[in-house]
Each structure stands twice: as structure tokens, then as C-alpha cells.
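Before any comments, here is the structure.
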Protein chains: 2
Amino acid sequence: MAEVKGGEALLFLTDEQLRQGIEAMFFAYRGFTADPDRILETMAYGRAHHRAIHFIARSPGTTVNNLLAILGVTKQSLNRVLRTLIEDGLVESRVGTRDKRERHLYLTEEGETLERKLSDAQRARMRAAFRAAGPDAVTGFRQVLEAMMDSDMRRRYHAIREAGT
Amino acid sequence: MAEVKGGEALLFLTDEQLRQGIEAMFFAYRGFTADPDRILETMAYGRAHHRAIHFIARSPGTTVNNLLAILGVTKQSLNRVLRTLIEDGLVESRVGTRDKRERHLYLTEEGETLERKLSDAQRARMRAAFRAAGPDAVTGFRQVLEAMMDSDMRRRYHAIREAGT
DNA sequence: TTGGAGTGTCAACAAAGCTGACTTAACCTG
DNA sequence: CAGGTTAAGTCAGCTTTGTTGACACTCCAA
């Protein structure tokens, strides 16, 4: 399994190093979601609502099915979240013109206001972390995260990146 | 996408870059938990059990209170999980010798077997990601994650690292 | 034009968080 | 040693967010 590269590739993959990586991931993810969670709990929303709002903002007009695949939940689970967001006037669902089975999702102005509030908080933390760690670290950070994704998630990740730019 | 290097530290923190960081974190965390989740769902356990088992394995003899703080859940929530693990003979709870109010937690042999199974799966993915990204990337990865933690979580992260080494 | 496949919705249920109130036992301090 | 504090565990009840099953509407191709 462990191929001896030069000599260096060995030490750096000890179980201890890997465990530290696992724990870093666990603790960092807690920080990553902490700020939006604080905002959300003052309203009747949770993390699931945040995720839906984020990806609708990122790909306006996306279909329910597409969102399903990105979020990796069942459609019933997403539907509940989506229904409250639509009822509360944060998300608009338009019947597809080409295919009337599809619903295309958009944020309303109110929805965009909340999205900005949530993503401002999350970006602020990400910005602070990036700044503290420096540009080279950020490159490495992204490389490792990308290598950690399942391949279909990696595809989606790139698809969104291209659309978003 | 192609950033102008000359302006360095400024351009590199565009909202688009930050959003990509956020999404990378989201997709990668999914991959990070996918393998253990698959194993756990064949038994009657969930992610909460995995977390408890991981940190008991990492700090044998830890107290309930300590675990509570590390996991960031309520006593009632942890207790439910811990109770099933003790009943099933994966975790042992010993009354403290110095302070008899405390319970010290240990994995039984059976518990260690499951722990190894879960952590093997997770480490395999982490190892693959580290190997694919390279040593410098791993350094950056850890720097950014550490900067993203809340300060008290960062303290705990270091405390465990020292104990585990 | 009809039957199968795709998209979305509703209902009911389960896992795992949460709060609040309480008990028991042990420790510690005045 | 009495009284307050701390560690752990428990009971009840709620919320969020996941699940499966059944169903309706739409499209498309045989």
C-alpha cells in the first residue's frame, strides 16, 4: 500500500497525521457552520434551509431534481424545506416552459436579503481563515478538499464553479 | 478565474474565491463522512455513535463532561448514544478513583474492533486525498482548517494532538 | 393513444439534536 | 459537619431533518 516515493512520502502519512486531519476536519466544520446557524436559529429555519438558499442563489432557475442531486437528500426532505421557503416568500417556483414537469427555483428579493446575510457571515470567517493561512495554504486547502470528494460531487463542484464565474 | 498575481493578497479574496471555498468544504465534508456512514447504517448506529467512539478511542479514560465539551452536544443527547454503546458492550464506564462522581470511558475490545473498522475507512480516504494533493497541500489544508475553528475548539484540537502523539 | 418513465407533492415515521426540571452521589469550603 | 456546588444520569416533550411509501401530473416513444 504505502509506496516509498523518495523517502519523504512515508512519514507524512502516518496514522497520527491522518487522525489529526480527521479531527481538524471535524472541528473546522463546526466553525464553518457556526455563524449561519446562529443567524438561522433566531428565525424558524435550520441548516437545510441555508443549503437550499445557497445553491438556489448560486444557480438561479435550477430545478428541484438538480438541487436534490447537489444536496444529496431525498426529494421529500428537500420538499419540506422548499415549501416553507416558498410559503414565506423567500423562494419562487416557476413551472418550466419547455418541460412543464419541472419547477425552476429563484430567490425573491427577500430571499436574496437573507442569502446575503448568511453568506456574509460565512464568507467573513472564510476570509479570515484564508488571510491568516496565506495564499499557498489556500491552494493546498482546496486541493485536499477536492481530492476528498466523491467523484460525482467533484463534477458538480466544478460545474457550479464554471457557472458561477 | 485566472487571478492577476501582481495585486496578490487582494484579488485572491474575491467573493467568488470565498464561495468556492465554502462549496469545497460542503462537498468534501460529504465525502469525509460517507464511508463510515455506509458502515454504520448496516448496524443500528449513526454518526453520533461514531463521533463518541472516535474520541473515546483517542482519549481513553475521558470523562463524560469532557466528551460533552468536545462534541458540542447536550448531556441528554450524548447520554442516549452512550447508553446504547454501553448496553451493547462497546464502551465501558468506570467510576473515577480520585473523584467518584466522574465516569471514565473506555472502549471494550469489541468497541475497538468497530473503531478500527470505521477509522480505517475514513483514514483510507484521507490518505488518498493527502497523497493526491501532496505534502505542501496538506500543510496548507491544516493551516486553513485550524484558522477556521472557534478558539475553544482550537484549544481542544491541540490538547488531543498532544495527548495522542 | 397508451403505457412507461420522469418530476414533484403529500403523509407518516425515525434519528438525533434541543430545553427544562429533577435525582443521586460526591466533593469541598466555611 | 452543614450547605452549596459539581458530575452524571433520567424523564418528558419538542424541533429539525432525514427516511419510505403512495400518488398525481407531464412527457415521449412505441
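So you know, we letter chains A, B, ... as the sequences are listed, proteins then strands, and number each from 1.
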task: Taking only Lys NZ, Arg NE, NH1 and NH2, and the carboxylate oxygens of Asp or Glu, determine whether B:Asp120 and B:Arg123 approach each other closer than 4.0 Å.
output: yes
message: Could you check whether A:Asp150 pairs with A:Arg155 (Lys NZ or Arg NE/NH1/NH2 to Asp/Glu carboxylate O, under 4.0 Å)?
response: no
query: Can you list the steps and then say if A:His54 with B:Glu23 is a side chain to side chain donor-acceptor pair (under 3.5 Å)?
result: CA-CA 9 Å; A:His54 174 99; B:Glu23 281 156 14; 2.8 Å; yes
statement: Protein heavy-atom contacts under 4.0 Å, written 5' to 3' over nucleotides 10-16 of chain C as B (base), S (sugar-phosphate only) or - (none), form the string BB----B
Interatomic distance, A:Asp37 CG vs D:dT15 P [rounded to whole Å]: 18 Å
- prompt: Taking a hydrophobic cluster as the set of Ile, Leu, Val, Met, Phe, Trp and Tyr residues connected by side-chain heavy atoms closer than 4.5 Å, whether directly or through intermediates, do A:Val95 and A:Leu107 fall within one such cluster?
  reply: no
query: Rounded to the nearest Å, what distance is computed from the CG atom of residue A:Leu40 to the C1' atom of nucleotide D:dT15?
result: 14 Å
- prompt: Are B:Leu40 and B:Leu118 close enough that some pair of their side-chain heavy atoms sits under 4.5 Å apart?
  reply: yes
- prompt: Between B:Arg161 and A:Glu16, is there a salt bridge with N-O shorter than 4.0 Å?
  reply: no
- prompt: What residues, two or more places apart in sequence or in another chain, satisfy salt bridge (Lys or Arg N to Asp or Glu O under 4.0 Å) together with A:Arg98?
  reply: none
task: Kindly confirm or rule out a cation-pi arrangement of A:Arg94 over A:Tyr106, judged by NZ or CZ under 6.0 Å from the six-membered ring centre and within 45° of its axis?
output: yes
field: Residues that B:Glu102 engages under salt bridge (Lys or Arg N to Asp or Glu O under 4.0 Å), provided they are two or more places apart
entry: none
query: Does a side-chain N-to-carboxylate-O contact under 4.0 Å join A:Asp15 and B:Arg127?
result: yes
field: Runs of at least three Watson-Crick or G-U pairs with DNA chain C, cut-off 3.5 Å
entry: C:1-30 with D:1-30
- prompt: What one-letter contact string describes nucleotides 25-30 of chain D from 5' to 3', where B marks a base within less than 4.0 Å of any protein heavy atom, S marks contact via sugar-phosphate atoms alone, and - marks no contact?
  reply: -BS---
statement: In numerical order, the residues of residues 65-74 of chain B whose heavy atoms come under 4.0 Å of DNA chain C are B:Gly72, B:Val73, B:Thr74
- prompt: Salt-bridged, B:Asp35 to B:Arg38, with N to O below 4.0 Å?
  reply: yes
message: Show, in sequence, the C-alpha distance, side-chain angles and deciding distance for B:Phe32 and A:Tyr29, and conclude whether the ring pair (Phe, Tyr, Trp, His ring centres under 6.0 Å) test is met.
response: CA-CA 11 Å; B:Phe32 173 68; A:Tyr29 199 78; 8.6 Å; no
- prompt: If you measure from the Lys or Arg side-chain nitrogens to the Asp or Glu carboxylate oxygens, is any gap between B:Glu115 and A:Arg19 under 4.0 Å?
  reply: yes
